[in-house]
Number of protein chains: 2
Amino acid sequence: MKLSSQAQAFVLHFGEMGSRWGFNRTVGQMFALLTIHSEPVNADQLAEALKISRGNVSMGLKELQAWRLIELHHQPGDRKDYFTAAGSIWDLARTVFEERRKRELDPTLTLLRQLLLTEPRDEQESESQKKIQEVYSLLEMLDQFANTLSKLDEKDLLKLMKLGSGLSKLLELKSRAGGKKADTKK
Amino acid sequence: MKLSSQAQAFVLHFGEMGSRWGFNRTVGQMFALLTIHSEPVNADQLAEALKISRGNVSMGLKELQAWRLIELHHQPGDRKDYFTAAGSIWDLARTVFEERRKRELDPTLTLLRQLLLTEPRDEQESESQKKIQEVYSLLEMLDQFANTLSKLDEKDLLKLMKLGSGLSKLLELKSRAGGKKADTKK
DNA sequence: CTTAACTTTCAGAAATTTCTGAAAATTGTA
DNA sequence: TACAATTTTCAGAAATTTCTGAAAGTTAAG
């Protein structure tokens, strides 16, 4: 479990960025390590490579499993648990995207939906309600869009992301061609 | 500065979600408050409404300004600084999106670019390099795509997000129509 | 220039999050 | 069943982040 200096830098950086991506430093490091290292790695190796306690590794692995970012394996004749990143870089990015949508959008949508149920009692509340409705509509749409993106297969997703300025042209094209809902819009 | 119970719930929730969205609790609350409250608000009012110290408000405002999420105003005959959310809900969402891209993607792209410059010294390093390249390619593409989305005008963005399953059909359409780069792909 | 109104700063306190390591629990083997 | 290998748990310690409030800084008006 000796890391090249490149790998080392990669791992440390993912640790630092971790909190911005939704996990803590050591979880970020563990994820990065399992991502660049294609061979399965066990908990002791992680603890040694990252210089963290065995207990911390155990908690981190649990969290990465909750994110569905790692997979458990077994080596014949070895009772230890071995882990690898769950799939290709592409698969991992997709999973992170989906999990983040769930964690960042869903709870808010649920709350806002609930707030919109209660009738405003006065002018003041009516004003708030209106803003809440706006926020809700936007986040709801964003959530649906994220969902649509998640469902695209790799080929289409790649095509879409590579469009660049072609995207607005394509959207234009759609209007002219008269997309299914083009004439339904209010 | 009395908040309706709806507004109150909204503000508290944004405080709790704050950390997942890239800012701390009180900054999240301040942002939420300025978002539902259309009238300009001054620092003392924020401190009172959120029950936090004046110093904390000052720091939070500074951070929200760094995010470009609030605007400074002045009331005639009043020396205090007043703030409002910077634009419509739509504008705000766009800004959050752009700022997050900058904070979450750019530093990593910079590091990976740098790691890719050094020649691998052995088989081990060559393996790491390969993975780093894959991660880089994906994040670079994602960054470009986010950039493209940021540049779309509101009309097109709305159209795109509302496509739903129509999106893959549209992409299909593009292939058949023979997009500019369709035959250039390796 | 002086003063009063207001804002910012920042050292230390408080709150929160993360980490350790020893003990408890689990699991496979004989 | 007994035991040794391994993993998980979790109380308290350590590290980090956030918050307070008093002092310093800034600015406009007289």
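Labels below follow one simple rule: chain letters A, B, ... track the order of the sequence lines, proteins then strands, and each chain is numbered from 1.
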Taking the side chain of [X] as heavy atoms from C-beta outward, which of [options] is closest to it?
| X | options | result |
| --- | --- | --- |
| A:Thr26 | C:dC19, C:dA5, D:dT7 | C:dC19 |
| A:Arg79 | C:dT7, D:dA4, C:dC19 | D:dA4 |
| B:Ser58 | C:dA5, C:dT20, C:dT9 | C:dT9 |
| B:Arg25 | D:dT7, D:dT6, C:dT16 | C:dT16 |
| A:Asp78 | D:dG21, D:dT6, D:dT18 | D:dT6 |
| B:Asn24 | D:dC19, C:dT7, C:dT18 | D:dC19 |

Exercise for the section: Test for a donor-acceptor pair under 3.5 Å between the base of D:dT20 and the side chain of B:Arg54, counting only N and O atoms. Expected result: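 Result: no qualifying N/O pair found.
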Exercise for the section: May I ask you to test the A:Met141-B:Lys162 pair for a side-chain heavy-atom distance under 4.5 Å? Expected result: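 Yes, close enough: below the 4.5 Å cut-off.
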When we call it a touch if two heavy atoms are under 4.0 Å apart, what does [X] touch: a base, just sugar-phosphate, or nothing?
| X | result |
| --- | --- |
| A:Ile52 | sugar-phosphate |
| B:Asn56 | base |
| A:Asp81 | sugar-phosphate |

Problem - Residue-phosphate contact under 4.0 Å: B:Lys62 side-chain N/O, C:dT9 OP1/OP2 - result: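 Indeed, a polar side-chain atom of B:Lys62 lies that close.
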Problem - Residues A:Glu99 and A:Thr95: side-chain donor-acceptor under 3.5 angstrom - result: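 On atom types as modelled, these side chains do not qualify, holding no pair under 3.5 Å.
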Exercise for the section: Give a yes-or-no answer on whether the side chains of A:Ser88 and A:Asp91 include a donor-acceptor pair shorter than 3.5 Å. Expected result: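 There is such a pair between these side chains.
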Practice task
Please state how far atom CD in A:Gln65 lies from atom C1' in D:dT8, giving the value in whole angstrom units.
Solution key: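 From A:Gln65 CD to D:dT8 C1': 12 Å.
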Exercise for the section: Measure the distance from CE on B:Met30 to C1' on C:dT7 and round it to the nearest whole Å. Expected result: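 Roughly 13 Å, once rounded to whole Å.
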Handout entry: Lys NZ or Arg CZ of B:Arg100 over B:Trp67 ring: under 6.0 Å, within 45°
Key =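 That pair does not qualify as a cation-pi contact.
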Exercise for the section: Take B:Met30 and B:Phe83, measure what side chain to side chain contact (heavy atoms under 4.5 Å, CB included) needs, and give me the verdict at the end. Expected result: CA-CA 10 Å; B:Met30 291 171 58; B:Phe83 296 88; over 6 Å; no
Handout entry: 5'-most by nearest nucleotide on DNA chain D - A:Lys80 or A:Met59
Key =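 Checking each residue's closest nucleotide, the 5'-ward one belongs to A:Lys80.
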